[in-house]
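Structure first, then comments.
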Amino acid sequence: MTILERRRAADLIRSIVAVLRTIPVDAGEGKTASARALDAVFADPETVLTTGALGDDLQAALDGMLAGNATLPSLLRATEQVAAIEATTPDTVELIGDCAALVLAAAAERIATTTFDTREDLIVERDRLVRQLDLSAIGASNAGLRDLVVAVRALLSATVSALDDTIHTLPRRRTYRLGAALPSLVLSTRFYGDGGSADDLVALNRVSNPLFMPIEGVFTAQ
């Protein structure tokens, strides 16, 4: 790699780090660890270039993001943004592919540990993750990165398999229609036989006053 190519690659690494910095993370040790790791990569991109991979620092940053409760949508959005960064050399193509795969792995871990209210909620996020994994595999294949293709496909298979088991344990989202607005307690008794799910109905329908549930709304059922 020429000096110019190394400079371009270093700039690309800084661009990747800039994207990862946009991922919101709650306060705490996870946020601190993530910021420290990103600072290390940003300050010394030459280390990444000489090791030929994104290295332990970036992995530590992603681990910190997960520990700090980085959201699944933000991780997937970061993957899309990283993939949009223009590569200028074969080496930078590999850097982008490696980074996208790492963020996707973090997203897969996040979706596997997230509690979803309904199977429809999980399916939406699963499909978005699968779409990004497919695009990452296609990009890696077009770039001739066979090892990365194998890794992404393996992650895709494992993720889909794990989520399929979870999907069947979640209730389905159903719709209802009333003649007039009713209290959540009444609806809970009507749908579930008791008032124990009144608060869940309020949250699911994003209602501010539980005495007046919307005439058209949703509830969950197996």
Side-chain angles (χ1 to χ4, degrees), residues 13 15-26 28-31 33-38 41 48 51 53-85 87 93-143 145-173:
I13 292 168
S15 298
I16 290 173
V17 172
V19 170
L20 296 181
R21 287 188 197 278
T22 67
I23 297 177
V25 181
D26 292 342
E29 181 57 34
K31 182 174 183 178
S34 176
R36 188 184 305 119
L38 288 176
V41 178
V48 177
T51 57
L54 286 171
D56 295 336
D57 284 333
L58 189 53
Q59 183 63 60
L62 295 173
D63 290 343
M65 289 171 188
L66 288 175
N69 295 319
T71 65
L72 177 64
S74 67
L75 288 167
L76 289 174
R77 188 164 53 251
T79 305
E80 295 165 356
Q81 292 170 336
V82 168
I85 297 174
V93 169
E94 188 169 358
L95 283 172
I96 291 175
D98 285 346
C99 184
L102 278 173
V103 181
L104 283 167
E109 184 175 347
R110 173 57 65 217
I111 195 174
T113 56
T114 296
T115 300
F116 293 90
D117 293 327
T118 68
R119 65 179 64 185
E120 287 78 12
D121 293 334
L122 174 53
I123 287 172
V124 167
E125 298 297 349
R126 179 205 63 185
D127 290 350
R128 186 178 178 190
L129 176 59
V130 166
R131 183 167 59 253
Q132 285 306 117
L133 285 166
D134 273 335
L135 290 174
S136 182
I138 292 171
S141 177
N142 291 340
L145 305 175
R146 295 181 180 179
D147 289 345
L148 187 57
V149 173
V150 172
V152 172
R153 289 298 183 194
L155 177 60
L156 173 60
S157 177
T159 301
V160 170
S161 178
L163 295 182
D164 279 348
D165 292 337
T166 303
I167 284 172
H168 297 299
T169 68
L170 294 173
R172 291 183 179 276
R173 187 187 298 266

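We're numbering straight along the sequence, starting at 1.
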Smallest separation among heavy atoms of [X] and [Y], with atom names:
| X | Y | answer |
| --- | --- | --- |
| A107 | L129 | CB-CD1, 4.0 Å |
| A112 | L163 | CA-CD2, 4.5 Å |
| T113 | E109 | OG1-O, 3.0 Å |
| A61 | A37 | N-CB, 3.5 Å |
| L155 | A108 | CD1-CB, 3.9 Å |
| V25 | A70 | CG2-CB, 4.3 Å |

CA sep, side-chain torsions, deciding dist, call: V103, M65, side chain to side chain contact (heavy atoms under 4.5 Å, CB included): CA-CA 10 Å; V103 181; M65 289 171 188; over 6 Å; no
Taking [X] for its side chain and [Y] for its backbone only, find out whether a donor-acceptor pair lies under 3.5 Å.
| X | Y | result |
| --- | --- | --- |
| S34 | G64 | no |
| S161 | S157 | no |
| E120 | R173 | yes |
| T79 | L75 | yes |
| R119 | L170 | yes |

Sidechain N-carboxylate O distance under 4.0 Å for D121, R126: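 Looking at R126 together with D121, the answer is no, because their closest N to O distance does not fall below 4.0 Å.
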Pair E80 + R128: basic N to acidic O under 4.0 Å: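 Judged by the 4.0 Å cut-off on N to carboxylate O distance, E80 and R128 do form a salt bridge.
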From [atom1] ([X]) to [atom2] ([Y]), nearest 0.5 Å:
| X | Y | atom1 | atom2 | value |
| --- | --- | --- | --- | --- |
| Q132 | D134 | CD | CG | 9.5 Å |
| I167 | I123 | CD1 | CD1 | 4.5 Å |
| D98 | D147 | CG | CG | 10.0 Å |
| L148 | S141 | CG | OG | 10.0 Å |
| C99 | I16 | SG | CD1 | 4.5 Å |
| I85 | I96 | CD1 | CD1 | 6.0 Å |

Pairwise side-chain contact, L76 with E125, heavy-atom cut-off 4.5 Å (strictly under): yes
Stepwise side chain to side chain contact (heavy atoms under 4.5 Å, CB included) test for T159 and V130: CA-CA 8 Å; T159 301; V130 166; 5.9 Å; no
N69/R110 under side chain to side chain contact (heavy atoms under 4.5 Å, CB included): CA gap, chis, key distance, verdict: CA-CA 8 Å; N69 295 319; R110 173 57 65 217; 4.2 Å; yes
Distance-only side-chain donor-acceptor flag, S74 / T71, under 3.5 Å: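 A pair is found: one side chain offers a donor N or O, the other an acceptor, under 3.5 Å apart.
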Trace of the side chain to side chain contact (heavy atoms under 4.5 Å, CB included) decision for F116 with I111: CA-CA 9 Å; F116 293 90; I111 195 174; 3.9 Å; yes
